[in-house]
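This report refers to the structure that appears directly beneath it.
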Amino acid sequence: MIVRARTVVTMDGAPIDNGAVAVSGNEIVDVAKFDEIKRRNAGEIVDLGEQALLPGLINAHCHLDYTCLRGKIRPQKSFADWIRAINTEKANLSPKDYLASINDGFAEAQGFGTTTIANLTAFPGLIPEIGAPIRTWWFAELIDVRAPDRASETVDGAVESLKSAPNWGLAPHALFTASRDLYRRCEEIARRDHILLTTHLAESGEEKEMFHDASGPLYEFLKDIGRPMDDCGKKTPLELFLTFRDSSTPLRYARNDNNWLLTHLNELTESDFELLEKSKTKFHVVHSPRSHDYFKHSRFPFEKLRALGFNISLGTDSLASNASLSLFDEMRAFRRSEPGISPDKILEMVTVNPATALHQENALGRIRRGLCADLIAVRCNERDSPFEQIVEFDGSVVWIMVNGKL
Ligand SMILES: [Zn+2]
């Protein structure tokens, strides 16, 4: 099949006006000017007209479990109160509700042009019942705050369920809900099975207050439910994460930061940045602009992280703290906070960058010969720059190809 459009945004250099992509099976086999593609390839021609053809978008952090909680939780006085509020909502949900929620979330994400999603689920046992319509990295979200002595069992049980998924990883929830042993077990499995890891880190001021000062609403909340608090009062969350990983894996070569997607990093101190500079750590970073705004966290240190060479992607997070699963909405929210960043760089944060974070730079995120045929189209006129029009696109995506299929 040959797909022609007003412009083809390959993410490899300048867009190709009057461009086309040849697709065979699930693969992109050629991309160039329409005339050249016609000369070099046979097959049915689909002309998308006044549209930009671009790689399908990649959501680097999401919880489809909570699609049904859209609009249900107002911003709270404290982060701890928000956790209480979501726990109250979750207590009313059954496995059937979660299944419906996940399926609705997939449909919504796809409708906004997302063709790959890194999805955290607290219910990996439901995965075999779900026919994901887009490429999905399933991360089991793991919490052992009420049973830290059973960390390995918690992880190993989840791994059994995950093995039915084509792409999977592990997500120790956060330093305040997952024990050191749980993180350690996840790293062991990652080395054994070559999987990815993700966690929420340095998200809120209360998390920083809890670990650094042993005080604040989150500290009190977790102390009350019986969490051992002996790791509080010394280090920042980032410092704790980096140093306990050092102690859990004494063989330096065994550490692989490239396997980690760290979500949030809103609340980093000057000493954290010094540590990052010294440690030469290079994990991947995921930022959720609208969830960030909902919680009114400190300004996301985009420029500082970028200057240190971190690969930064965007994710929607869940609809318990966001209004839609649209990465276009996410790009626009990011642009409002970082107006100096050009639209092509913003588009990289939902294509090329998350593909790299998922170790799929040779399969996803660009329109290039040999990569997977995950493509979308959005309206595009000839006056304005295609990147500008893509980032400002506000609507549903009607033309989507996932793995060569419309
Ligand atoms: Zn999250």
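Counting convention: from 1, in listed order, for ligands and their atoms alike. Remember, predicted model here, so these are calculated numbers, not experimental data. What's counted below: heavy atoms across the whole structure, side chains too, no hydrogens, waters or symmetry copies.
- Counting just the N/O/S atoms of His61, the one with the shortest distance to the Zn ion (ligand 1) is named NE2.
- Looking at Asp317 and the Zn ion (ligand 1) together, the shortest N, O or S contact belongs to OD1.
- Take the N/O/S atoms of His200: the one nearest the Zn ion (ligand 1) is NE2.
- Under a cut-off of 6.0 angstrom, the local environment of NZ in Lys282 is crowded, with over 12 non-hydrogen atoms contributed by other residues, nucleotides or ligands.
- Among the backbone and side-chain atoms of Cys62, none of the N, O or S atoms lies under 2.8 Å from the Zn ion (ligand 1).
- The existence of a salt bridge linking Asp329 and Arg290 is confirmed by a sub-4.0 Å separation between a basic side-chain nitrogen and an acidic carboxylate oxygen.
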Original post:
Given the rule in the ring-ring contact (aromatic ring centres under 6.0 Å, His included) test, do Phe295 and Trp82 qualify, once you have shown the distances and angles that lead to the verdict?
Top reply: CA-CA 9 Å; Phe295 285 111; Trp82 187 84; 4.9 Å; yes
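- Around atom NZ of Lys163, more than 12 heavy atoms belonging to other residues, nucleotides or ligands sit under 6.0 Å away.
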